[in-house]
Protein chains: 2
Amino acid sequence: MTAPRDGIAALAAQMAAHGTERDAPVRAVMALLGDRWTTLILLVLGMGAWRHAELKRVLAQLSAEQAISQRVLTLKLRTLERDGFVARSVTGDVPPRVSYTLTALGQGLLAQAQGLIGWIQEQSGPIRAARARFDADA
Amino acid sequence: MTAPRDGIAALAAQMAAHGTERDAPVRAVMALLGDRWTTLILLVLGMGAWRHAELKRVLAQLSAEQAISQRVLTLKLRTLERDGFVARSVTGDVPPRVSYTLTALGQGLLAQAQGLIGWIQEQSGPIRAARARFDADA
DNA sequence: CCGCATCCTAGGCGATACTG
DNA sequence: CAGTATCGCCTAGGATGCGG
């Protein structure tokens with residue numbers, strides 16, 4: 001045991017907060033931010049309201065690489081809606097006219113994501129350097 | 001188009017920052033925080049230095065549910081080491097005696113993770129409420 | 001004690017085709 | 001246009017056994 005064991009209680013509390021069930025908010029939301037598309041969707045929705053197809057197009061353009069599939073876009077939007085981060089409003093039946101916006105909660109999440117992105121970007125020099133060092137000894 | 005299109009440039013910059021390649025630091029690190037174990041490992045390493053087997057045991061105890069497999073623990077530690085977040089030091093050959101600690105960079109990452117966890121936890125009430133509402137209309 | 005190799009399963013994601 | 005259904009891939013992660 002090389003680590004100080006005082007503070008185990010505090011640690012345990014934090015780990016419990018992180019969530020032992022897979023769908024506990026903390027774990028679920030962190031998984032969202034870490035997945036392939038959610039953060040990008042939040043960034044785009046941060047600019048205002050978008051309809052499904054537009055959102056798909058913009059994501060394709062701006063993220064370059066390959067487009068998000070319609071299935072996954074719907075899936076991610078559903079998840080975000082369920083957790084209260086985006087609002088979905090329908091006007092028109094055939095053809096459907098659905099638009100998505102961030103809720104206040106969603107704007108808070110976006111802010112968190114942007115903070116994180118900012119920090120990582122500031123550290124990307126050191127990170128790349130560490131990788132280069134590590135890969136060199138291989 | 002329901003969204004304001006001014007600011008597309010700024011958006012594009014942010015999305016580029018987020019990374020178009022899968023291993024760009026921003027995307028990679030956010031994926032790390034979102035995965036099953038990395039954040040928990042950071043929390044534990046935040047308390048000091050740990051040897052591999054101890055770390056495995058503590059994770060098992062504190063996260064309750066099932067233990068991390070040895071394979072994955074090694075894998076995650078390698079990734080964190082490669083990116084410069086943890087330092088690995090070996091003393092002794094057979095049996096090996098390996099201990100892991102956070103680097104300064106890793107402590108920074110831990111702080112980010114804790115900030116995020118804190119925010120999500122504060123919002124977990126509204127999130128759960130939103131879920132309940134959503135699931136009710138199903 | 002630590003790490004690697006092997007095998008296996010669950011889930012994320014993409015592609016396509018179909019309805020209202 | 002929005003959503004669903006079906007399929008197939010690929011990767012994260014678990015279990016076990018070996019070697020240094």
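Letters A, B, ... are given to chains in the order of the sequence lines, protein chains preceding strands, and every chain is numbered from 1.
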Hey, is the main chain of B:Leu75 close enough, under 3.5 Å, to the side chain of B:Thr79 for a donor-acceptor pair? yes
Quick check: on DNA chain D, is the nucleotide nearest A:Arg88 upstream (toward 5') of the one nearest A:Arg71, or the reverse? Name the residue that is more 5'. A:Arg88
Chain A contact limits on DNA chain D, taken 5' to 3' with a cut-off of 4.0 angstrom to heavy atoms: D:dC1 to D:dT6
Any salt bridge linking B:Arg57 with B:Glu54? Criterion: basic side-chain nitrogen under 4.0 Å from a carboxylate oxygen. no
Nearest heavy atoms of A:Trp119 and B:Leu105, plus distance in Å: CH2-O, 3.9 Å
Is there a side chain to side chain contact (heavy atoms under 4.5 Å, CB included) between A:His52 and A:Leu73? Walk through the geometry before answering. CA-CA 8 Å; A:His52 183 109; A:Leu73 179 53; 3.7 Å; yes
Check: A:Thr103 side chain, A:Gly84 main-chain N or O, donor-acceptor pair, under 3.5 Å: yes
Of the non-hydrogen atoms in A:Met15 and B:Ser63, which two are nearest, and what is the gap between them? CE-N, 3.9 Å
Treating A:Ser99 as the side-chain partner and A:Arg51 as the backbone partner, does any N or O pair qualify as donor plus acceptor under 3.5 Å? no
Interatomic distance, A:Leu75 CG vs C:dG12 C1' [rounded to whole Å]: 9 Å
Is it true that a side-chain atom of B:Lys76 and a backbone atom of B:Ile41 form a donor plus acceptor pair closer than 3.5 Å? no
Counting any heavy atom closer than 4.0 Å, what does A:Arg36 reach on the DNA or RNA strands: base, sugar-phosphate only, or nothing? sugar-phosphate
So what is the end-to-end bend of the helix from C:dC1-D:dG20 to C:dG20-D:dC1, with 5 pairs used at each end and the value given to 10 degrees? 30°
Tell me the closest heavy-atom pair linking B:Trp37 and B:Leu59, and the distance in Å. CZ3-CB, 4.4 Å
Would you tabulate the pairs of protein nitrogen or oxygen atoms and nucleotide nitrogen or oxygen atoms of nucleotides 18-20 of chain C closer than 3.5 angstrom?
none

Any donor-acceptor pair under 3.5 Å from B:Thr39 side chain to B:Asp35 backbone: no
Go nucleotide by nucleotide along DNA chain C from the 5' end; which of B:Tyr100 and A:Arg22 gets its closest nucleotide reached first? B:Tyr100
Please state how far atom NZ in B:Lys76 lies from atom C1' in C:dG3, giving the value in whole angstrom units. 17 Å
Please report, rounded to the nearest Å, how far the C1' atom of C:dG14 is from the CG atom of A:Leu59. 15 Å
Between A:Ser69 and B:Arg78, whichever has its closest DNA chain C nucleotide further toward 5' is B:Arg78
At their closest point, which heavy atom of B:Ala28 faces which heavy atom of A:Arg131, and how far apart are they? CB-NH2, 3.6 Å
Look at B:Trp50 and C:dC2 and indicate whether a side-chain polar atom (N or O) is within less than 4.0 Å of OP1 or OP2. no
